Student: 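Pasting in a structure now, in structure tokens, and then I'll have a few things to ask.
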Amino acid sequence: MGLNLFPCLLLCAAVLTVSGALGPVGNYWTSQSLPVLLDTHTQLLNAPLFRGQEVDEEHVGGSKTLCGIECQSVRPPMDQGEQERVLGYETMYENGTRTHTDVSLQDLNRTSAGTPGHSPARARRKRQVYGEDGRFVISDSHFITNYPFSTAVRVSAGCSGVLISPKHVLTAAHCIHDGSDYLEGARKVRVGVLQLKSKRRRGGRKVKRRRGRKENHGAGAQLEGEGKQVRLNRVGRSAEAKREPVFRWSRVKQIRIPQGWIQTKGSNSAVSPEYDYTVLELKRPIRQKYMELGVAPPVADLARIHFSGYDSDKSLQEGGGKEKVVYRFCSVVNESDDLLYQHCDAQPGATGAGIYIRRRREAGDAGRKGKWQRRVIGVFSGHQWVEMEGGGQRDFNIAVRITPLKYAQICHWIHGDPSLCKEV
Ligand SMILES: *[C@@H]1O[C@H](CO)[C@@H](O)[C@H](O)[C@H]1NC(C)=O
Ligand SMILES: *[C@@H]1O[C@H](CO)[C@@H](O)[C@H](O)[C@H]1NC(C)=O
Ligand SMILES: *[C@@H]1O[C@H](CO)[C@@H](O)[C@H](O)[C@H]1NC(C)=O
């Protein structure tokens, strides 16, 4: 079961060109209005002990089997007080200080607080390969250090993450915290960004070529994967691609964890995968393009989800020290208010990777097709067995879905300014 190596990506891209159906065109993500989160009270907590246990992915739901899709969906809606509770958050600073912040929600009535209307999920096509490996190993220095692959970062605790601002990385909470305490790996967590070893710049020629590529980008075939981008990049390759990518590790200034992930004393409820997300704030901004956050649309409107990360398979480590990014895309099989159920192939190191979707921006004046826009709409949480209706179990890869409320919370963590978080 070898991974698809790079040449296959080109081939697959060609196949998709023929059969590809494009998702709905438009920029719906600029029109959604959102609740606003305000801090009401912050209190100091005891310093963490870092005795958290590494969470076995299949136990994120607390037991081996996750409450079924139906059961995830029909839980009574939370009232505003409960919503404010789970959207409160904990902050852990680099020096080990820990605080809890209560929040209040404004304008909740104006918006659809939960998921934008449930529509029956459907698997779009049968291209699903689950069992056979459908991942693409991207090892070309140029591709992995350029958007969108470059937004996939490594988290030193053994996970992946995605850059959602120059200073913020979104990843899975269970990489950092087990629901009761922080993991040892959270103590000095670092974020690794692949960058080309800097050498003398190669003057204006490079800049020119880059601009040319941008213009081409999106004007070509309609692909569902990122194959076209890679191919274009390949065309634009030059001597600069010989530079080796290396991880540049950044220190984390603070970690934010939603209260929904943290188990309160006395409650016997298990940690729930719906809140398996955390944001790491870096000490210093990273000067490269990040991927903006969005709200996950109903599955029926999703053509494909994509994510890239650092899967930890042995076979990937073979072949020398060259850094690689693993990319995949698939359709979502089912959904609940807070989770996306899919069969994208992934190995544990990819946990925490940013799930993103692509849309074309509306066409410009000249009738040109708009450029691709990408938004992070979920976090890859891991593999789970899920109870099915009428008995039996089925396994899925689960992603936390960014709902309007989670968007409001994460946006608040990034900006701290409600006026910047009113629209997606
Ligand atoms: C999605 O889940 C619901 C609830 O369990 C189920 O009725 C439906 O058949 C599932 N859809 C697919 C495509 O599996
Ligand atoms: C730790 O850092 C935070 C944030 O920078 C600061 O507010 C707090 O006073 C520091 N605590 C200690 C014990 O140094
Ligand atoms: C939202 O609506 C409910 C009932 O319609 C009301 O009780 C509540 O105060 C409203 N909340 C806000 C923040 O306006």
Side-chain angles (χ1 to χ4, degrees), residues 31-43 45 60-63 66-91 99-121 173 177 179-180 256-279 293-299 334-341 377-379 381 387 398-416 418-419 421-424:
S31 57
Q32 192 149 11
S33 86
L34 296 161
V36 166
L37 218 75
L38 295 176
D39 290 346
T40 52
H41 177 70
T42 295
Q43 73 184 92
L45 302 173
V60 169
S63 61
L66 187 64
C67 149
I69 296 165
E70 190 82 347
C71 129
Q72 288 277 335
S73 305
V74 298
R75 276 183 290 200
M78 288 187 211
D79 62 22
Q80 186 164 344
E82 179 62 4
Q83 265 163 350
E84 288 173 344
R85 190 191 70 78
V86 297
L87 292 172
Y89 57 90
E90 197 167 298
T91 306
T99 61
H100 168 81
T101 303
D102 291 315
V103 301
S104 74
L105 280 166
Q106 312 284 310
D107 297 338
L108 191 61
N109 287 354
R110 195 162 57 79
T111 55
S112 55
T115 319
H118 247 310
S119 38
H177 193 286
S180 317
R256 292 235 157 94
I257 301 198
Q259 197 60 36
W261 178 252
I262 296 166
Q263 291 167 289
T264 41
K265 278 211 176 68
S267 92
N268 51 5
S269 63
V271 287
S272 65
E274 298 119 77
Y275 298 98
D276 191 6
Y277 59 94
T278 178
V279 169
L293 200 64
V295 169
V299 165
N334 217 324
E335 66 181 333
S336 59
D337 287 349
D338 282 282
L339 299 173
L340 297 172
Y341 301 79
I377 54 101
V379 181
S381 172
E387 277 168 26
I398 303 287
V400 178
R401 158 181 208 153
I402 297 175
T403 60
L405 286 168
K406 290 175 192 169
Y407 179 94
Q409 182 191 44
I410 297 169
C411 187
H412 173 71
W413 291 344
I414 295 173
H415 296 293
S419 68
C421 297
K422 283 194 163 148
E423 281 193 337
V424 178

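On a predicted model such as this, the values are computed, not experimentally measured, just so you know.
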Student: Could you check Tyr277 against Gln409 for side-chain contact (heavy atoms from CB on, under 4.5 Å), going step by step and ending with a plain yes or no?
Tutor: CA-CA 11 Å; Tyr277 59 94; Gln409 182 191 44; 2.6 Å; yes
Student: Show the nearest heavy-atom pair for residues Met78 and Val86, with the distance to one decimal.
Tutor: SD-CG2, 4.1 Å
Student: Give me the atom names and distance for the closest heavy-atom approach of Pro418 to Leu38.
Tutor: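 So the two residues come closest at CG-CD2, 3.4 Å.
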Student: Under the side chain to side chain contact (heavy atoms under 4.5 Å, CB included) test, which residues partner Asp102, sequence neighbours left out?
Tutor: Thr40, His41, His100
Student: What pairs with Ala173 under side chain to side chain contact (heavy atoms under 4.5 Å, CB included), at least two apart in sequence or on another chain?
Tutor: Trp261, Asp276, Thr278
Student: So Arg85 and Gln259, do their side chains get closer than 4.5 Å, heavy atoms only?
Tutor: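 Sidechains of Arg85 and Gln259: in contact.
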Student: Decide yes or no for Thr99 and Leu45: does some side-chain heavy atom of the first lie under 4.5 Å from some side-chain heavy atom of the second?
Tutor: no
Student: Could you check Val295 against Thr403 for side-chain contact (heavy atoms from CB on, under 4.5 Å), going step by step and ending with a plain yes or no?
Tutor: CA-CA 6 Å; Val295 169; Thr403 60; 5.7 Å; no
Student: Heavy-atom distance under 4.5 Å between the side chains of Leu34 and Tyr407, does that happen here?
Tutor: yes
Student: Please walk me through it: do Leu105 and Leu405 pass side-chain contact (heavy atoms from CB on, under 4.5 Å)?
Tutor: CA-CA 9 Å; Leu105 280 166; Leu405 286 168; 3.7 Å; yes
Student: Quick test of your reading of the model: are Glu335 and Arg401 salt-bridged, counting only N-O distances below 4.0 Å?
Tutor: yes
Student: Mind listing the closest non-hydrogen atom pair of Val400 and Ser381 along with its distance?
Tutor: CG2-CB, 4.3 Å
Student: With a 4.5 Å limit on heavy-atom distance, are the side chains of Pro258 and Leu87 in contact?
Tutor: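 No. Closest side-chain heavy atoms not under 4.5 Å.
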Student: Heavy atoms only: give me the nearest Ala408-Pro35 pair and the separation to one decimal.
Tutor: CB-O, 3.3 Å
Student: Can you name the closest pair of heavy atoms from Glu90 and His177 and give their distance?
Tutor: OE2-NE2, 4.5 Å
Student: Got Ile257 and Ile262 here, is their nearest side-chain heavy-atom distance under 4.5 Å?
Tutor: yes
Student: What I'd like to find out is whether the side chain of Leu37 reaches to under 4.5 Å of the side chain of Glu84, using heavy atoms alone.
Tutor: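 Side chain of Leu37 against side chain of Glu84, heavy atoms only: no contact under 4.5 Å found.
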Student: Output, in order, the C-alpha distance, side-chain angles, deciding distance and verdict of side-chain contact (heavy atoms from CB on, under 4.5 Å) for Leu293 and Ile402.
Tutor: CA-CA 9 Å; Leu293 200 64; Ile402 297 175; 3.4 Å; yes
Student: Is the shortest side-chain heavy-atom distance between Tyr89 and Asp39 below 4.5 Å?
Tutor: yes
